[in-house]
Amino acid sequence: MQEIFEAIKKSAKKIHQAIIHEDFGYCEGENCSGEQQLKLDVLSDNIIEEELSKINSVKILASEEKSDPITINENGKYLIGYDPLDGSSLIDVDLSVGSIFGIYENSFNGKDLVASAYIVYGPRVELVIATIKVERYILKNDDFVFMEELKLNEKGKLNAPGGTQKEWYPHHKELVESFFKEGYRLRYSGGMVPDLHQILVKGGGIFSYPGTNDKPMGKLRRVFEVFPFANVYEKAGGFAINDKGERLLDLNIENIHQTTPCFFGSHYEIKRVKEYYSKGKQWKKQ
Ligand code: P6P
């Protein structure tokens with residue numbers, strides 16, 4: 001699996017250069033989630049596919065930017081689901097973006113995820129790898145240098161509430177407000193990678209992208225975004241659940257682009273989510 005992480009590092013350096021030097025324009029096409037594609041989305045996807053395709057142990061690649069998975073090597077061991085440039089529309093306003101990788105065996109179901117990683121392209125370029133633990137690296141003089149192991153405390157201070165607020169269910173609105181009443185700080189950029197990275201590095205808090213009236217199954221994709229970060233948060237001592245209180249990594253997929261409501265955080269905050277969502281059954285609009 002080390003050769004996969006080396007390929008991710010090579011991709012990160014090339015994508016970072018592309019972000020700085022390449023065209024920010026939009027392509028004609030849309031991706032399969034109906035989102036307009038930036039030329040950088042397609043370029044980043046091509047960079048990652050080229051690097052990962054060189055590895056014999058890679059069996060299948062599934063990209064958020066492509067409608068279907070592609071088979072690389074029938075005899076390979078790993079299936080890799082990735083979001084090549086998550087939050088790419090934030091590049092226009094010079095905010096941080098990221099790449100997300102889930103490494104699976106046998107299937108793209110949550111239980112088959114064996115490792116995950118993400119890259120943050122911000123003022124610095126950082127790489128986080130979650131295997132049995134969560135390790136943080138920083139790009140220095142063309143090398144990724146180990147910084148620290150990341151761990152979540154029992155409770156944090158940051159609240160990252162995603163989704164369109166006017167479409168939130170009443171119990172979700174009550175939940176989010178309950179954290180602010182306790183003095184939590186709002187930390188939400190609209191980029192999943194920097195928003196979750198911030199909570200992790202600062203030691204705790206809650207990130208939520210719930211089901212809403214307009215998007216009952218949420219927005220974030222299970223294979224490319226949710227399962228990889230659920231693994232990171234659990235290996236850092238945190239929790240990752242859906243709107244039914246189920247562990248995200250216990251979920252299966254029916255299609256490669258399937259989404260799910262998702263909550264990532266420290267123990268105290270996730271316990272609160274379960275309290276409000278168990279009450280919410282009566283509140284949710286039928
Ligand atoms: P909203 C970016 O488009 C993304 O997929 C994630 O990176 C981010 O968490 C989410 O969408 C933001 O969505 O609806 O809050 O703008």
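In listed order, ligands and their atoms are each counted from 1. Predicted model, so just to flag it, every value in this text is computed and none were measured.
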Asks: Determine whether the aromatic ring centres of F263 and Y277 lie less than 6.0 Å apart.
Replies: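 Yes, the ring centres sit under 6.0 Å apart.
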
Asks: Hey, are E51 and K14 close enough for a salt bridge, meaning a charged N less than 4.0 Å from a carboxylate O?
Replies: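 So E51 pairs with K14 through a salt bridge.
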
Asks: State plainly whether the residues E126 and R124 are in salt-bridge range, i.e. N to O under 4.0 Å.
Replies: yes

Asks: Which of the atoms in ligand 1, numbered in the order shown and given with their element, are less than 4.0 Å from a heavy-atom of R221?
Replies: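 With R221 as reference, the close atoms of ligand 1 come out as 5 (O).
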
Asks: Within a distance under 4.0 Å of any heavy atom of G191, pick out the atoms of ligand 1 and give their elements.
Replies: 7 (O)

Asks: Specify side chain, backbone, both or neither for L220, according to which of its non-hydrogen atoms lie closer than 4.0 Å to ligand 1.
Replies: side chain

Asks: With side-chain contact (heavy atoms from CB on, under 4.5 Å) as the test, pick out the partner of V97 among D86, I15, I19, L40.
Replies: I19

Asks: Please report whether ligand 1 has a polar contact with Y188, defined as an N or O pair separated by less than 3.5 Å (distance criterion only).
Replies: yes

Asks: Any N or O on V193 sitting closer than 3.5 Å to an N or O of ligand 1?
Replies: no

Asks: Which ligand 1 atoms are under 4.0 Å away from a heavy-atom of G163?
Replies: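 Answer, ordered by atom number: 15 (O).
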
Asks: My understanding is that only residues two or more places apart in sequence, or in another chain, count here; which of them pass side chain to side chain donor-acceptor pair (under 3.5 Å) with E254?
Replies: none

Asks: Could you establish whether D195 and ligand 1 come within less than 4.0 Å of each other, counting only heavy atoms on the residue side?
Replies: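 Contact absent.
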
Asks: Looking at residues at least two apart in the chain, or sitting in another chain, which of them share a side chain to side chain donor-acceptor pair (under 3.5 Å) with T260?
Replies: none

Asks: Below 4.0 angstrom from a heavy atom of G190, which ligand 1 atoms are there? Numbered from 1 as shown, please.
Replies: 2 (C), 6 (C), 7 (O), 8 (C), 10 (C), 12 (C)

Asks: Between F229, Y209, F224, which one has a non-hydrogen atom sitting closest to atom 14 (O) of ligand 1?
Replies: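 Selected option, by shortest heavy-atom distance: Y209.
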
Asks: Is the count of non-hydrogen atoms from other residues, nucleotides or ligands lying under 6.0 Å from N255 atom CG greater than 12?
Replies: yes

